[in-house]
**Student:** 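My questions will all concern the structure given below.
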Amino acid sequence: MPVFRSAFQSYRDETSGQGKRPVIFDILGPDKATSLLPDGLKMVLHVNPSSMRITHAKQTDRVQTRGGFVEFHWGNITQSLSFEQATGGFVRLYTGLSNRTTPGGRRQTIAYQKYLDYMALFHHNGSIYDRAGNIVVQGYVKVTFDGGVYIGWFSGLTVEESADKPYQFTLSSEFTVDYELHVFRSQPTEQASTSALSAPEVATSVLDPLLGF
Amino acid sequence: MAGASDYSSLTAGPSTGLLYEGPKARAVDGTKKSLRHPVYGSPFTLRIVPPAPLLAALAGRGEVRVGGAFDAVLRQQRAAVEAQIVAGTAPAAAVEQLLGTRANVTPGFAIIDAALSTTTNFRQSQEYRKTVSRNLLPGSASPAPTLIGGNGKRLTDQKQAPGNEPALADLRQAQSILRQVAAMQAAPPLTLLINPQSLSLTYAKKQVYQERNRNGLIFQAWGEEQVQLAVSGRAGAFYTGALKPEVDEQGKTSSTSGVQWASRRDSATWQNFSSLFTFYLSNGLLHNPDGSEAHLWVGNVEIRYDQFIYWGNFDTFNFSFTEEQQGGVIDFDFSFTVSEMMDVAQRGPVLPQKGPTPSPSTPQQLQPTMLPSGTSPGTVSGSPPEVATSILDPFL
């Protein structure tokens, strides 16, 4: 039995009924539908990002004329995701938190290995290379989080190691979104009253995915 | 309060997909509804407004039905001809006129009528040109075929040039316009459960005071820029009630409850926020059914607040998830450019304000919620008659 666990076992944690919502990464082919990863394999992080910011913008050109403003509506310009995340602590069996950089140190920890997986995904970015290093086929990276699907590519990654936050790396990622899909749940909303919810509430197990506990 | 799927018929453009599924928990609105009462509160309400020329047509004609935009007779005729084509028994004329066929029904929008007629027009316009060419020869006059102009009216005068009227050439686009306008009309107005935290209006003059001549600087006044609205706000806590309170021995349940992240998608807060996001994605545009960004028409998004009406379109929309707010509170912000701004406030002297909650010191404040059911202000015996607040807001 593993002593150390990641916050998530697999991408299936989202439907396990335990209230977990991992951020799931996948690689898609140029058709935006076919996964290039083996069946049943998707990437989840050691811990979820500490924040995700989704930005949208419309492109509208406005020209003033004598009769008023003429607006040219071009639709959407690039949408983006910005992640702020941490690797999680570099913890080794028997010795605990490790910041040793020599062999047998922090690089042999789950958190560091997951960080390397994330780096590999960033470098791959959905691209298929030939022997000369040229990109011959360009696919997509797919990010899924709790009902939202964002298909696009990584555009930037910053890794920071600071004495203020020992035993971990702080990451900042930028993701350019080409297509997004949202699955909304809908129902008429009940107005809360003192007599509502007569049955005692049974709390679901609260496993905060964002904190990785 | 409307659910998120009440706006499911609004189009979002080619780069965004919206799907709707049933609930897995009960959405509960814990906010104080009286604070957004349309008369005694301070609601922040949005609405999608169809394009003005189409609105005028709707006001005058009313052919656009909320329940469906298609002409049932057109479908029947089309289906009948298609069946004949499949069977190989369709006459050639019927095949050519397939898309232009329309039974005796009240015409809709003129340019959309033209879309239905254009395919017929093409063949007949060719015949018309041939006829004109033949008629140039002495003694060879022959009757020109009847044409349907771009305004849907039959042209009987041979001197009238066909095709000079503006027209849609694509029936699919015409049907899409009707469908999207009906969806805009059917979408209920959206009132935010929690008002924005900040709202700023930016007014800017367009003027130049830099060019010089020998007598000094020259002032050039070009009017004003469009008003910019910058709004930032917060959605509330993710709070739901369980649909199925059963929990198995492993602590798993198929329904969430309480204040937690897992309740987010079913919560009233998220439904309200996702409806606002849908308004941004729609932006009042009639999107092209071919998936391009060549929009068919541009309408408006209407924001009503503080007895002002703002018509315009969104420019940006941002929101974020953070670990410090796992139980709710989505921070969002958007910018909005105003095309038209209307003040619908009541005119008159400054009068004492009626508060949202009853007070013994103001006995004339009879709120509807205080009255016994079945009564209305002014009918409660022994009470002073309600001083009605004239509601000038046509929307209400």
Side-chain angles (χ1 to χ4, degrees), chain A residues 16-21 47-60 62 64 68-69 71-76 79 82 84 145-147 149 177-193 196-197 199-212, chain B residues 1-6 8 13 15-24 26-30 33 206 222-223 226 241-242 245-247 251-254 256-258 260-262 264-266 268 271 274 277 280 283 285 293 295 298 313-323 326 337 339:
Chain A
S16 65
Q18 293 180 325
K20 293 184 178 181
R21 299 290 184 266
V47 292
N48 265 0
S50 56
S51 73
M52 282 175 59
R53 182 169 173 81
I54 302 99
T55 59
H56 304 83
K58 302 278 186 186
Q59 180 178 354
T60 307
R62 297 183 167 89
Q64 187 186 22
F69 284 86
E71 297 181 341
F72 301 89
H73 292 259
W74 293 92
N76 297 317
Q79 292 131 225
S82 301
E84 295 294 328
F145 177 61
D146 199 15
V149 178
V177 179
D178 180 65
Y179 179 82
E180 60 180 314
L181 174 68
H182 294 273
V183 182
F184 294 141
R185 290 180 188 162
S186 177
Q187 58 181 276
T189 303
E190 305 171 17
Q191 186 70 28
S193 67
L197 307 173
E201 286 305 305
V202 180
T204 56
S205 55
V206 181
L207 296 174
D208 183 356
L210 291 183
L211 295 178
Chain B
M1 192 196 79
S5 61
D6 286 352
S8 59
S15 60
T16 307
L18 299 178
L19 296 176
Y20 296 85
E21 60 182 16
K24 296 187 177 179
R26 291 160 53 190
V28 181
D29 175 15
K33 202 174 181 181
K206 284 177 77 74
W222 291 91
Q226 291 173 290
E246 298 85 16
V247 179
K252 297 180 182 179
T253 176
S254 62
T256 59
S257 66
Q260 57 170 320
W261 182 268
R264 178 177 70 100
R265 295 175 63 195
D266 293 289
Q271 287 193 49
S274 62
F277 183 48
Y280 163 80
N283 215 14
L285 304 176
E293 297 270 24
H295 310 303
V298 179
N313 303 96
F314 288 100
D315 293 316
T316 63
F317 190 95
N318 309 309
F319 60 95
S320 59
F321 305 128
T322 61
E323 62 178 357
Q326 53 183 301
T337 298
S339 303

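Letters A, B, ... are given to chains in the order of the sequence lines, protein chains preceding strands, and every chain is numbered from 1.
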**Student:** Quick one, B:Trp261 with A:Asp146, criterion side-chain contact (heavy atoms from CB on, under 4.5 Å). Give me CA distance, side-chain angles, the key distance, then yes/no.
**Tutor:** CA-CA 10 Å; B:Trp261 182 268; A:Asp146 199 15; 3.0 Å; yes
**Student:** Test your reading of the model: is there a side-chain donor-acceptor pair from B:Glu21 to the backbone of A:Val183, 3.5 Å cut-off?
**Tutor:** no
**Student:** Distance to the ring centre below 6.0 angstrom and angle to the axis at most 45 degrees; does that hold for A:Lys58 and B:Tyr280?
**Tutor:** yes
**Student:** Can you name the nearest heavy-atom pair linking A:Ser186 to B:Pro23, along with the distance?
**Tutor:** O-CD, 3.6 Å
**Student:** Which residue out of A:Gln59, A:Gln79, A:Glu84, A:Arg62 racks up the most heavy-atom pairs below 4.5 Å with chain B?
**Tutor:** A:Arg62
**Student:** Which heavy atom in A:Asn76 sits nearest to a heavy atom in B:Ser15, and how many Å separate them?
**Tutor:** ND2-OG, 2.8 Å
**Student:** Is there side-chain contact between A:His56 and B:Thr16, with at least one heavy-atom pair below 4.5 Å?
**Tutor:** no
**Student:** Identify which part of A:Phe69 has an atom lying under 4.5 Å from any heavy atom of chain B, answering side chain, backbone, both or neither.
**Tutor:** side chain
**Student:** So for B:Tyr20, is it side chain, backbone, both, or neither that comes closer than 4.5 Å to the heavy atoms of chain A?
**Tutor:** both
**Student:** Taking all non-hydrogen atoms of both residues into account, name the closest pair between A:Gly75 and B:Glu293 and its distance.
**Tutor:** CA-OE1, 3.4 Å
**Student:** Would you find a donor on one side and an acceptor on the other, under 3.5 Å apart, between the side chain of A:Ser51 and the backbone of B:Thr322?
**Tutor:** no
**Student:** Working to the nearest 0.5 Å, report the span between CD of B:Gln226 and CD of A:Gln64.
**Tutor:** 9.0 Å
**Student:** Taking the six-membered ring for Trp, is the centroid-to-centroid distance between A:His182 and B:Phe277 below 6.0 Å?
**Tutor:** yes
**Student:** Is there a donor-acceptor pair closer than 3.5 Å between any side-chain N or O of B:Asp315 and the backbone N or O of A:Ala57?
**Tutor:** no
**Student:** For the CZ atom of B:Phe321 and the CE atom of A:Met52, what is their distance to the nearest 0.5 Å?
**Tutor:** 6.0 Å
**Student:** Please give me the minimum heavy-atom distance between A:Arg185 and B:Arg265, naming the atom from each residue.
**Tutor:** NH2-NH1, 3.4 Å
**Student:** Contact part of A:Thr55 toward chain B, heavy-atom cut-off under 4.5 Å: side chain, backbone, both or neither?
**Tutor:** both
